[in-house]
Each structure stands twice: as C-alpha cells, then as structure tokens.
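A short write-up of the structure that comes next.
None of these values were measured; they are calculated from a predicted model. We count residues from 1, following the sequence as given.
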Amino acid sequence: MAIFSFSAYPKAEKNYQVAIVVSDFNEEITEQLLDNCFKALKKCKINPENIAVSHVSGAFEIPFIAKKLIETGEFDGVITLGAVIRGETPHFDYICAECTRGIMDLNLKYNIPVIFGVLTCNTTEQAIARMQKGEELAIALVNQLNLFEEIKES
C-alpha cells in the first residue's frame, strides 16, 4: 500500500501548468486571495510563467471559464478564487450553491483537480479575515497534483 504525504510547502514534482480563475466582484478581497495564492505557488516551486490568471465578473462565471481552460488541455490544475458576501436577498444562496455545484462538477468530469476557493461569508469582515486562504489553496493544489503523480507511479 502506498503512503501519500502532504507538506506545508510541497515542492512541485513536475513542471506543472496552473490556471487561476478569479472573480473581480469584491475585488479588494479577491485580489488579496490571488496575491497570497501566487506567492505560495512560487514557494512550492511553480514557475510563475506556468501560471495563467483569468478574471471573471463574479463567482457565478467561475465554473464556465474554468471549464474552458480545462478543455484546452494545457493545465494540470485549476484554482478558483472568489468572495460572495451575504446581502439582504436570497441571491447569496443561489450564487453560492451554483458556483459550488459547477466547480464540483468539473472535479468529477475532468481528470484534473479544481480547487474550490470561493469564500462564502456572512459579512465583509469575515471575508477580510479569510483573505490568507489563497495560500492554503495553492498548497492544496500542489499537494493534489503531487498525489496524482504518486498514484500514477504506484
């Protein structure tokens, strides 16, 4: 039986190609998520030239662009970044549910990891407190990609 381990800053085992899809809505939060994500990918030895960033209007648009990027066949993994903050209407619930479903569907349909990094918060303060999550998402992707490589080799 193979033993798979995860590391705080795993070194990329291959020259991975990474796509990041980031929502511009709540930009002050999503840009910080992106910055933290990008810094962590570099710490994991992902070449910055191998990171493609695509901006979309809002969280609802993330799954579609992620799908199109996956279908190019150029990427080993995708990180999705967004911030949805509850308002006074049920709009929050619909956007969160469909964005989550869309990203999960991509994980099940395609043979590459799609990391869910869409913050779903009740307040702006909660979202600001979670902006460092971009780092964790990058680490999760590299760990997942390395795990895929270990599984292929075993």
### Message
For the backbone of S23 and the side chain of T30, can you confirm whether one donor and one acceptor N or O come within less than 3.5 Å of each other?
### Response
yes
### Task
Quick one: pull up CZ in F116 and CG in L106 and give me the separation to the nearest 0.5 Å.
12.0 Å
### Message
Rounded to the nearest 0.5 Å, what separates atom CZ in F25 from atom CD1 in I95?
### Response
9.5 Å
### Message
Any donor-acceptor pair under 3.5 Å linking the side-chain atoms of N15 with those of N47?
### Response
no
### Summary
Separation between CG (L141) and SG (C44), nearest 0.5 Å, reads 9.0 Å
### Message
Same cluster or not: L81 versus I65, using hydrophobic residues (I, L, V, M, F, W, Y) connected whenever any side-chain heavy atoms lie under 4.5 Å apart?
### Response
no
Could you list the donor-acceptor pairs under 3.5 angstrom formed between side-chain atoms of residues 66-75 and any protein atom two or more places apart in sequence or on another chain?
{"residue": "K67", "atom": "NZ", "partner": "E71", "partner atom": "OE2", "Å": "2.8"}
{"residue": "E71", "atom": "OE2", "partner": "Y110", "partner atom": "OH", "Å": "2.6"}
{"residue": "T72", "atom": "OG1", "partner": "L69", "partner atom": "O", "Å": "2.6"}
{"residue": "T72", "atom": "OG1", "partner": "E74", "partner atom": "N", "Å": "3.2"}

### Query
Under 4.5 Å between side-chain heavy atoms, hopping through other hydrophobics if needed: is there a path connecting V21 to V118?
yes
### Query
Do V18 and V78 touch side chain to side chain, with heavy atoms closer than 4.5 Å?
no
### Message
Quick check: do I29 and I85 have side-chain heavy atoms less than 4.5 Å from each other?
### Response
yes
### Task
List the atom of A138, the atom of I79, and the distance in Å for their closest heavy-atom pair.
CA-CD1, 3.9 Å
### Message
Membership question, hydrophobic clusters at under 4.5 Å side-chain separation (ILVMFWY): are F64 and F60 in the same one?
### Response
yes
### Query
Is there side-chain contact between E149 and Y16, with heavy atoms separated by less than 4.5 Å?
yes
### Task
Check whether any side-chain heavy atom of L34 sits under 4.5 Å from a side-chain heavy atom of V53, and report yes or no.
yes
### Task
Just do the side-chain contact (heavy atoms from CB on, under 4.5 Å) check on I20 and C37 with the steps written out, would you?
CA-CA 9 Å; I20 301 173; C37 184; 4.0 Å; yes
### Query
Taking side chain as C-beta onward, heavy atoms only, is Q32 less than 4.5 Å from Q132?
no
### Query
How far does CZ of F92 sit from SG of C121, to the nearest 0.5 angstrom?
7.5 Å
#### Entry: Working for side-chain contact (heavy atoms from CB on, under 4.5 Å), residues E13 and E150
CA-CA 10 Å; E13 293 182 7; E150 288 182 43; 4.1 Å; yes
### Message
Test salt bridge (Lys or Arg N to Asp or Glu O under 4.0 Å) on K39 and D35; report intermediate values, then the result.
### Response
CA-CA 6 Å; K39 287 177 185 174; D35 185 55; 3.1 Å; yes
### Query
Between L119 and K133, does a side-chain contact (heavy atoms from CB on, under 4.5 Å) hold up when you go through it step by step?
CA-CA 9 Å; L119 303 179; K133 293 284 185 191; 4.3 Å; yes
### Query
Does the side chain of F38 come within less than 4.5 Å of L33's, by heavy atoms?
no
### Query
Has the side chain of N146 got a donor or acceptor atom that lies under 3.5 Å from a matching backbone atom of K11?
yes
### Transitive ILVMFWY side-chain link V22 to L41, under 4.5 Å
yes
### Test item: N107 side-chain N/O and P113 main-chain N/O as donor-acceptor pair under 3.5 Å
no
### Query
Is there a side-chain contact between I46 and V142, using heavy atoms and a 4.5 Å cut-off?
yes
### Message
I need the minimum non-hydrogen distance between D76 and I112, along with the two atoms involved.
### Response
O-CB, 3.3 Å
### Query
What is the minimum heavy-atom distance between R86 and D93, and which atoms define it?
NH1-OD1, 3.4 Å
### Query
Can you check side-chain contact (heavy atoms from CB on, under 4.5 Å) on N36 and L137, steps first, answer last?
CA-CA 9 Å; N36 291 334; L137 300 165; over 6 Å; no
### Query
Are side-chain heavy atoms of C99 and V84 found at a separation under 4.5 Å?
no
### Query
Is there a donor-acceptor contact under 3.5 Å from the side chain of E61 to the main chain of G58?
yes
### Query
Within the distance-only criterion (no hydrogens, no angle test), does the side chain of Q126 pair as donor or acceptor with the backbone N or O of N122 below 3.5 angstrom?
yes
## Note on the structure
Scanning both residues in full, the closest heavy-atom pair of I115 with T80 reads O-OG1, 2.8 Å
### Query
Roughly how far, to the nearest 0.5 Å, is the CD atom of Q17 from the CG atom of L145?
11.0 Å
